[in-house]
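Below is one structure; the comments refer to it alone.
All chains are named by letter (A, B, ...) in the order of the sequence lines, taking the proteins before the strands, and each is independently numbered beginning at 1.
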Protein chains: 2
Amino acid sequence: MATLMDVAKRANVSKMTVSRVINHPDKVTDELKQLVYQAMKELDYQPNLIAKALVNNSTRIIKLCILEDIDTTEPYFMNLMVGVAKTLDLHQYSLQLVTRRNFGIGNCDGYIITGMRKGDLEWVQKLDKPVIMFGENRYGLDFVDTNNKAGTYRMARLALEKGYEHLVYIGIDSKESFEYSREAGYIQQVQENQMIPELHRFGNHSHLSEEFIRSHWDEIQQNTAFICASDRLAMGVERAISRCGGKVPDDYGVTGFDGVFLNQVASPKITTVKQSIIEMGSACGENLLDKIKTNASPGNLIFEPKISLGGTLRD
Amino acid sequence: MATLMDVAKRANVSKMTVSRVINHPDKVTDELKQLVYQAMKELDYQPNLIAKALVNNSTRIIKLCILEDIDTTEPYFMNLMVGVAKTLDLHQYSLQLVTRRNFGIGNCDGYIITGMRKGDLEWVQKLDKPVIMFGENRYGLDFVDTNNKAGTYRMARLALEKGYEHLVYIGIDSKESFEYSREAGYIQQVQENQMIPELHRFGNHSHLSEEFIRSHWDEIQQNTAFICASDRLAMGVERAISRCGGKVPDDYGVTGFDGVFLNQVASPKITTVKQSIIEMGSACGENLLDKIKTNASPGNLIFEPKISLGGTLRD
DNA sequence: TAGAAATCTGTTATCGGTAACATGGAAAGA
DNA sequence: TCTTTCCATGTTACCGATAACAGATTTCTA
């Protein structure tokens, strides 16, 4: 591997000049710059990031903190992780996965945090390294998220356009901001159409929504579409309808939210609000590295969700 | 952050002595060692891995090469990645995900490779850094894998014990070693019971196995158990039987292989040969780091699979 | 045109460790 | 007792980069 020194020798300049060409090119004459560029190309020079890290006294480690108490085998978080890892690796940063328990251990250059609750606000604000949140929040912390409200709003409209006459919302029993936003999107669409909102909330497990539908099957009107806050819940609803003898999508519609793997393995596939989790993870990484480099707040980044058509809304 | 120097000063010794206490403790008297340990504890000394990496001229980067042409959203590979990442992060190594395309780019300290085909053998053997394969191979390259043969062998026996009279194998249409081993396990069990093996192979997609079962429904005998080489295939089989009016598990049995998420979302859940992909990924990492450190081949590591009971074999 | 200011380039010290060599005192051999 | 060997420790140089300072030109100003 060629070093700064090798390049310097070949270009007949000092190490420092080479370093300047890389970091402060305006402080070097064009003539020397050309020589140095030439030498770098000939030697295929790649800067040694470890040496750089040493002088900057950085760790090149980013901590990804998943504060929710969740199974790491869940594809949703894996996708997030892959997205983050992709970007970090590109910049030769290392990703460290941490939870509540092992949070404080070891140094790092920045944090990506998801699943924050109110009680966490205090210590999150005290962190002395740059932070990006994954998931909207109302505390002014920089975040990356999907436009949750727009997601359910548009999905609800789509269901109406497809001719379903009743819209029931099946939500997640959680106090997090994203859930409020999804509910708000549904409610707005329903109210704009002079309908009365009907919301139910459960823990995010398919068997809970399934059980609910089965036990209330008699009260459910034909031509209802269920706007669900997750693909898990949608999967349960779909299964329940099917087992109760209902027809999806002809007599009942079902829509999900997330679009991470689960929607594809259901049968028929779930029409869902697709979040590009991997891309969002990458964006978290980009924003964080930016924040580390420039020391300036990148603000919020909101991804517009796309509707991924499956077979749970009629055509 | 306390440095070697800080510790040295507090213990009234030279930097070198502190370094020796850490790396060659036998070359330092007990008396000094005590002083140094004391000082390290008082200052909560953590060695700076970046500085270490610089002198060793290492990158602290490990490349995970997924040579199969596969969707990265697949939970299987994500689990592998998480497992690897877990271990590497513990040792402050960085994980880089590479494919065929970007393989050669950039330096690293070692490789974890999965999905190797015959044609890859040549360049894999030429790599100048330590390598661990994920997935069995017959070329003498160190690997970590599940005992594939034992998996199908035991699963087939279980199906027989549950009273299914016919065993049909639904395999993956691939020339990789793991598939041969799974087939071998099934065949051995079947032959030990004086039965005649029946194997079918498809690309690893649920709709392919589903289509096969549906189109051959008339020829399928009651009380058959399908031993599938993946949960995907099993899912397709399960769905087909259900749609053709068959009863799982009463009249037909279905078993899968992998146990990574998919088996849990099917309904009923698939009885499957569970591979601990995350642990295996961790093991790949451990073995590779070991190999890097000691420069000695760790040999192969074979995980015994466990049968994860779902509802697709009768009780 | 002398002297000051600005511009460019090189030298030195530094980040936090480790290897290789140097030193000084104790144990061993003559 | 005097050398030789050994062992524990310290000194120096180095890994590959960068910041701060120093020196050499050039340009500008009076």
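In this structure, A/Asn23 reaches the sugar-phosphate backbone alone: every heavy-atom distance under 4.0 Å involves primed, P, OP1 or OP2 atoms, never a base. No contact: A/Ile50 has no heavy atom under 4.0 Å from any strand.
Two residues, A/His24 and B/Leu54, neighbour DNA chain D, and the one matched to the more 5' nucleotide by heavy-atom proximity is B/Leu54. Place A/Ala2 and B/Thr29 on DNA chain D by their nearest nucleotides, and B/Thr29 ends up nearer the 5' end.
Side-chain proximity of A/Asn48 to C/dG17, D/dT18, D/dG16: nearest is D/dG16. Residue B/Ser14 has its side chain nearest to D/dG10 when only D/dG10, C/dT11, C/dG17 are considered.
Side chain B/Lys15 to base D/dG10: no donor-acceptor pair is found below 3.5 Å.
Here A/Lys126 pairs with A/Glu122 in a salt bridge; the nearest charged N to carboxylate O distance falls below 4.0 Å.
The separation between B/Arg20 atom CZ and D/dT11 atom P is 11 Å, rounded to whole Å. Atom pair A/Gln46:CD and D/dG16:P shows a separation of 14 Å (rounding to whole Å applied). Rounded to whole angstrom, the span from the CG atom of B/Asn57 across to the C1' atom of C/dT18 amounts to 13 Å. Remark: P of D/dT18 and CG of A/Leu49 are 10 Å apart, rounded to the nearest angstrom. Rounded to whole Å, atom C1' of D/dT9 lies 19 Å from atom NZ of B/Lys9. Regarding A/Met5, its CE atom lies at a distance of 11 Å from the P atom of D/dC14, rounded to whole Å. We find that CE of A/Met16 is positioned 14 Å from P of C/dT12, with the value rounded to whole Å. At whole-Å resolution of the value, CG in A/Leu35 and P in C/dT9 are 10 Å apart.
Regarding contacts with the backbone of D/dA19, every side-chain N or O of A/Ser19 stays at 4.0 angstrom or more from both OP1 and OP2. The phosphate of C/dG17 has OP1 or OP2 within less than 4.0 Å of a side-chain N or O from B/Tyr45.
No hydrogens or angles considered: a donor-acceptor pair under 3.5 Å links the side chains of A/Thr146 and A/Gln275. With no hydrogens or angles considered, a side-chain donor-acceptor pair links A/Asn148 and A/Glu136 at under 3.5 Å. Using modelled atom types, one finds a donor on one side chain and an acceptor on the other under 3.5 Å when comparing A/Glu42 with A/Gln38.
Using a 4.5 Å cut-off on side-chain heavy atoms (C-beta onward), A/Val7 and A/Val21 make no contact.
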